[in-house]
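Because the structure is predicted, anything quoted here is derived from the model rather than measured.
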Amino acid sequence: MRADKPLLAVLKGERRDPSPIWMMRQAGRYLPEYRALRAEKGGFLDLVYDSDAAAEITLQPLKRFPLDGAILFSDILIVPFAIGQDLSFVAGEGPRLAPTMDDARIRDLEPHMERLAPIYETVRKVKADLSPETTFLGFAGSPWTVATYMIAGQGSREQAEARRLAYADPGKLHSILDLIATVTVEYLSGQIEAGVDAVQLFDSWSGSLAPAQFERFVIARTAWIVDQLRKRHPRVPIIGFPRGAGGKLGTYARETGVDAIGLDETADPVWAHRELPDGMPVQGNLDPLTLIAGGAPLKEAVGRILDALSGRPHIFNLGHGIQQDTPIASVEELMALVKGGTR
């Protein structure tokens with residue numbers, strides 16, 4: 001008899017009460033056990049490429065909290081690293097990629113697809129230790145968001161470098177997006193074959209685009225990835241998370257073919273329930289800062305989200321990643337509110 005996976009059931013269109021829950025970046029810096037392991041092992045990339053450490057980190061939050069999903073511990077910039085850019089993480093400043101794609105030509109890159117292999121090994125190790133009731137989520141960055149880092153060489157204010165390239169040399173931008181999309185399909189397919197139950201596409205910077213660009217750079221590329229994955233893995237759900245999409249969210253949901261939509265913290269869940277296709281699963285969308293606050297603000301916000309989305313399949317989550325200064329007690333409070341019906 002197959003184990004019941006509440007989160008996976010919701011992704012496939014069922015309504016569950018209570019709503020299953022996981023948190024973006026739930027494996028990470030707010031956990032003292034993560035900080036201890038990082039101090040022992042070295043930098044962020046060292047952890048990602050140590051499959052034993054990455055598997056341990058993936059499982060850490062599940063040992064503390066009654067979460068219904070495990071999210072693979074990795075990073076969206078593994079894809080440009082595999083494409084051929086050098087990747088490093090600077091303490092206190094974030095990721096760096098070189099050479100930047102505003103200078104380099106695609107044909108000058110030397111792909112290293114073997115750089116994806118340790119991630120698949122992490123998936124296999126987590127799968128072996130994961131409770132059968134827990135849904136295992138893989139992920140990748142969507143082409144536009146990944147491209148913004150590849151072009152600037154780092155995170156950039158308002159993604160200006162990538163947006164300028166879109167106007168100055170649209171052919172080059174499309175070539176970069178095509179390459180990212182192709183590698184992303186291989187990467188997500190490899191995660192699925194190694195054992196994840198569902199995948200999420202993070203388009204963290206989709207909100208920086210004008211509507212016509214959003215259609216070409218976000219919707220069209222996401223739809224192509226979804227189509228390619230569905231040909232290979234027709235039963236594996238795909239969550240789309242177009243952060244900042246705003247009024248373009250309904251079009252994204254209808255035209256990309258994703259199975260579920262992640263809402264960021266700025267989206268009104270009442271509006272989203274009205275605008276999104278009937279029966280489409282929705283994930284979200286607690287403000288991570290409300291989680292830090294805890295107490296009455298947290299209880300009120302949780303109740304509002306659960307009430308607004310009670311009429312469709314819903315996965316409780318944050319509107320973006322958990323903040324590193326989030327108190328453990330606040331996460332415990334959230335679990336009680338969602339799981340225990342004490343709102």
Side-chain angles (χ1 to χ4, degrees), residues 11 22 24-28 44-45 48-49 51 54 58 69-85 87 95 97 101 111-124 126-127 135-151 155 162 176-206 217-233 236-243 245 252 256-262 264 283 317 320-321:
L11 288 175
W22 70 280
M24 287 183 276
R25 291 188 190 154
Q26 67 188 25
F44 179 81
L45 201 57
V48 169
Y49 273 90
S51 60
T58 300
I71 179 75
L72 172 67
F73 177 74
S74 186
D75 192 87
I76 65 170
L77 299 184
I78 296 302
V79 164
F81 189 44
I83 287 172
Q85 284 183 297
L87 173 63
L97 289 162
M101 294 307 298
H112 299 277
M113 298 300 285
E114 70 276 5
R115 289 174 173 173
L116 301 175
I119 312 303
Y120 307 147
E121 184 61 23
T122 298
V123 172
R124 287 188 284 268
V126 171
K127 190 72 171 181
T135 299
F136 191 6
L137 296 151
F139 73 92
S142 292
W144 166 253
T145 288
V146 173
T148 67
Y149 289 93
M150 290 183 69
I151 292 163
I176 295 170
L177 294 172
D178 287 345
L179 179 58
I180 296 168
T182 299
V183 175
T184 298
V185 169
E186 297 303 321
Y187 182 43
L188 290 176
S189 185
Q191 291 181 39
I192 292 166
E193 290 165 2
V196 302
D197 300 305
V199 295
Q200 175 160 311
L201 283 164
F202 283 84
D203 221 334
S204 301
W205 302 127
S206 70
F217 305 153
V218 173
I219 290 179
R221 282 341 190 279
T222 302
W224 186 83
I225 291 171
V226 170
D227 178 67
Q228 295 300 307
L229 284 175
R230 194 148 286 144
K231 289 175 181 175
R232 301 188 191 189
H233 310 284
V236 174
I238 303 167
I239 307 167
F241 179 57
R243 188 182 184 208
Y252 176 99
T256 60
V258 295
D259 297 283
I261 290 288
D264 65 53
Q283 176 180 278
N317 206 317
H320 201 230

Trainee: Do Gln85 side-chain atoms and Met150 backbone N/O form a donor-acceptor pair below 3.5 Å?
Mentor: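 The answer is yes, because a donor-acceptor pair under 3.5 Å joins these two groups.
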Trainee: Angle class for the Phe217/Trp144 ring planes (parallel below 30°, perpendicular above 60°, tilted otherwise)?
Mentor: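 Aromatic pair Phe217/Trp144 classed parallel.
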Trainee: Rounded to the nearest 0.5 Å, what separation is found between the CD1 atom of Ile239 and the CG atom of Asn317?
Mentor: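 It comes to 8.0 Å.
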Trainee: Do Val185 and Arg232 have side chains that get closer than 4.5 Å, going by heavy atoms?
Mentor: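 Yes - at least one pair of side-chain heavy atoms lies under 4.5 Å apart.
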Trainee: Which pair of heavy atoms, one from Pro80 and one from Val146, lies closest together, and at what distance?
Mentor: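 Residues Pro80 and Val146, closest heavy atoms: CD-CG1, 3.6 Å.
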Trainee: Verify, without hydrogens or angle tests, whether Arg115 (side chain) and Phe81 (backbone) share a donor-acceptor contact under 3.5 angstrom.
Mentor: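 Here the side-chain-to-backbone pair exists.
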Trainee: Apply the ring pair (Phe, Tyr, Trp, His ring centres under 6.0 Å) test between Phe73 and each candidate in Phe139, Phe136, Phe44, Tyr49; give the one that qualifies.
Mentor: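 That would be Phe44.
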Trainee: Quick check: closest heavy atoms across His233 and Ser189, and the distance to 0.1 Å?
Mentor: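 Of all heavy-atom pairs spanning His233 and Ser189, the closest is NE2-OG, 2.7 Å.
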Trainee: Any idea which heavy atoms bring Leu77 and Pro95 closest together, and the distance?
Mentor: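 Looking at all heavy atoms of both residues, the closest pair is CD1-CB, 3.4 Å.
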Trainee: Given 3.5 Å as the limit, does a donor-acceptor pair link the side chain of Thr58 with the main chain of Leu72, or not?
Mentor: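 No, Thr58 side chain to Leu72 backbone: no donor-acceptor pair under 3.5 Å.
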Trainee: Roughly how far, to the nearest 0.5 Å, is the OG1 atom of Thr222 from the CZ atom of Phe241?
Mentor: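 If we round to the nearest 0.5 Å, Phe241:CZ and Thr222:OG1 are 13.0 Å apart.
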Trainee: Return the minimal non-hydrogen interatomic distance between Ser206 and Pro242, and the atom names on each side.
Mentor: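 Heavy-atom minimum between the residues: OG-C, 3.2 Å.
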Trainee: Gln228 versus Glu186: any side-chain heavy-atom pair under 4.5 Å?
Mentor: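 No - every pair of side-chain heavy atoms lies 4.5 Å or more apart.
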Trainee: Quick one: salt bridge (charged side-chain N to carboxylate O under 4.0 Å, His left out) partners of Arg25, sequence neighbours excluded?
Mentor: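 Listed in chain order: nothing, the list is empty.
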